[in-house]
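Comments concern the structure below.
Remember, it's a predicted structure, so these values are computed and weren't measured experimentally.
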Amino acid sequence: MYQYIKIFEMQVSAYCIFTILAAAVSIATAVPSLIKTGLSGSKAALMLGVTGLSFLIGARLWNFAVNPYNFIGELKWYSLRLAGLSLYGGLLGAGASLIVLSRLWKRTAWRLLDAMTIPWGLAFCIARIGCFLNGCCAGKVTRSIFGAEFPVSPSEQNFGGYLLFLSQVKTVHPTQIYELTGALIGIPAIVWLVRRLSLVEGSTFLMYMAWFSAVRLIVLPLRALSYPAFIKTKAYPLLYLSLIAGGVILTLIRNKKGI
C-alpha cells in the first residue's frame with residue numbers, strides 16, 4: 001500500500017490527502033445543489049459546516065457505543081484524530097442537523113437531503129481510496145484472486161493475529177474497493193431511475209440509502225471488524241435490512257401519495 005505520498009519532498013499521509021479531497025469535492029458539489037433548493041450561499045455554507053461537525057461527532061459517539069474496546073488505549077472518545085469513526089453514526093448526526101436547520105429555515109428536508117445525497121456519496125468513494133492506500137478498513141484474509149496484499153500491523157505481529165503466515169504482508173479482501181465500487185455505481189443508477197420515473201422529492205435520498213445499505217450488507221461478511229460479535233452478526237445486518245426496507249417502502253408510499 002501507499003500510506004504516504006511524496007509532495008514537494010514531503011511525505012504526506014495518503015489517508016489525510018483523500019480525506020481532504022473528499023471534503024473538497026463534497027463541498028464543491030453540495031453548494032450549487034443547496035443553492036438550487038433556494039438556500040442562500042451563506043446558509044449553504046453554514047449547513048455544510050454544521051452537518052460536517054455533526055458527522056464527526058456522530059461518527060465518534062457511534063463508534064464508541066458499538067466498539068468501546070477501541071478506546072482503551074491511546075485513542076480516546078474525545079480525540080480529534082480521524083480514527084475510531086463509524087459511518088452510519090456520522091450520517092445520523094449529519095442528517096439530524098440537516099433536518100433541524102431545514103425546520104429553522106422553513107425548508108423542505110426531503111429536498112435538502114436529495115441535494116446532499118450525491119455529494120455525500122462522492123465523498124465516501126474518495127475517502128475509501130484513502131482507506132485502501134492507508135491499509136485500514138480492510139477485509140478478512142482470503143486466497144481469492146481479488147485479494148490484495150496489506151502490511152501486517154505491529155499489533156498483529158505482536159499478538160499473533162497473522163504470525164502463522166510467516167510473512168510481513170497478508171492477502172485480504174479489499175473491502176474498501178468493494179464498497180467504493182458499489183457506492184459509485186449507485187450514484188448514476190439512482191439518479192437515472194428517479195428522473196426516468198419522475199419520482200417525488202426525497203426519492204433520491206431514500207433510494208440511494210437503500211442501495212448503499214445493500215452494498216454494505218453484502219460486503220459485511222468480508223470485513224475484518226474488531227466489533228463485538230453481536231454487533232457484526234446481529235445489530236449491523238438488522239440495521240442494513242431496516243434501512244433497505246425503509247428506503248424502498250417510504251419511496252413507494254410517498255410516490256403513491258404524490259408527496
Minimum side-chain heavy-atom gap Arg254-Leu206 below 4.5 Å: yes
Pair Ser86, Tyr227: side-chain N/O donor-acceptor within cut-off below 3.5 Å: yes
Ile129 side chain reached by Leu180 side chain, heavy atoms, under 4.5 Å: yes
Verdict with reasoning, Ser226 to Asn70, per side-chain hydrogen bond (donor to acceptor under 3.5 Å, both in side chains): CA-CA 8 Å; Ser226 60; Asn70 195 31; 5.4 Å; no
Minimum side-chain heavy-atom gap Leu113-Trp110 below 4.5 Å: yes
Other cluster members, Ile72 - Ile/Leu/Val/Met/Phe/Trp/Tyr, side-chain contacts below 4.5 Å: Tyr69
Exam field: side chain Trp211 to backbone Gly182, donor-acceptor pair closer than 3.5 Å: yes
Verdict with reasoning, Glu201 to Thr108, per side chain to side chain contact (heavy atoms under 4.5 Å, CB included): CA-CA 9 Å; Glu201 289 180 353; Thr108 305; 3.6 Å; yes
Transitive ILVMFWY cluster of Ile20, excluding itself - 4.5 Å side-chain cut-off: none
Ring-ring centroid check Phe212 Phe124, cutoff 6.0 Å: yes
Ile244 versus Ala210, closest heavy-atom pair with distance: CG1-O, 3.5 Å
Any donor-acceptor pair under 3.5 Å from Gln176 side chain to Cys136 backbone: yes
Counterpart residues, side-chain hydrogen bond (donor to acceptor under 3.5 Å, both in side chains), relative to Arg107 (two or more places apart): none
CA sep, side-chain torsions, deciding dist, call: Tyr88, Asn63, side-chain hydrogen bond (donor to acceptor under 3.5 Å, both in side chains): CA-CA 9 Å; Tyr88 276 77; Asn63 192 265; over 6 Å; no
Residue pair Leu48 / Met116, side-chain heavy-atom distance below 4.5 Å: yes
Cluster check Trp192, Leu197: I/L/V/M/F/W/Y, side chain < 4.5 angstrom: yes
Return a table of donor-acceptor pairs under 3.5 angstrom between the side chains of residues 23-35 and protein atoms on other chains or two or more places apart.
from	atom 1	to	atom 2	distance (Å)
Thr29	OG1	Val25	O	2.8
Thr29	OG1	Ser26	O	3.2
Ser33	OG	Thr29	O	3.0

N/O donor-acceptor pair under 3.5 Å between Lys43 side chain and Gly38 backbone: no
Partner residues of Thr19 under the side-chain hydrogen bond (donor to acceptor under 3.5 Å, both in side chains) criterion, sequence neighbours left out: none
Close side-chain approach of Arg128 and Ile177, heavy atoms under 4.5 Å: no
Which residues share a side-chain contact (heavy atoms from CB on, under 4.5 Å) with Ile218, sequence neighbours left out: none
Side chain to side chain, Phe55 and Leu91, heavy atoms closer than 4.5 Å: yes
Check: Ser203/Asn255 side-chain N/O donor and acceptor closer than 3.5 Å: yes
Tyr178 backbone acceptor or donor facing Thr175 side chain under 3.5 Å: no
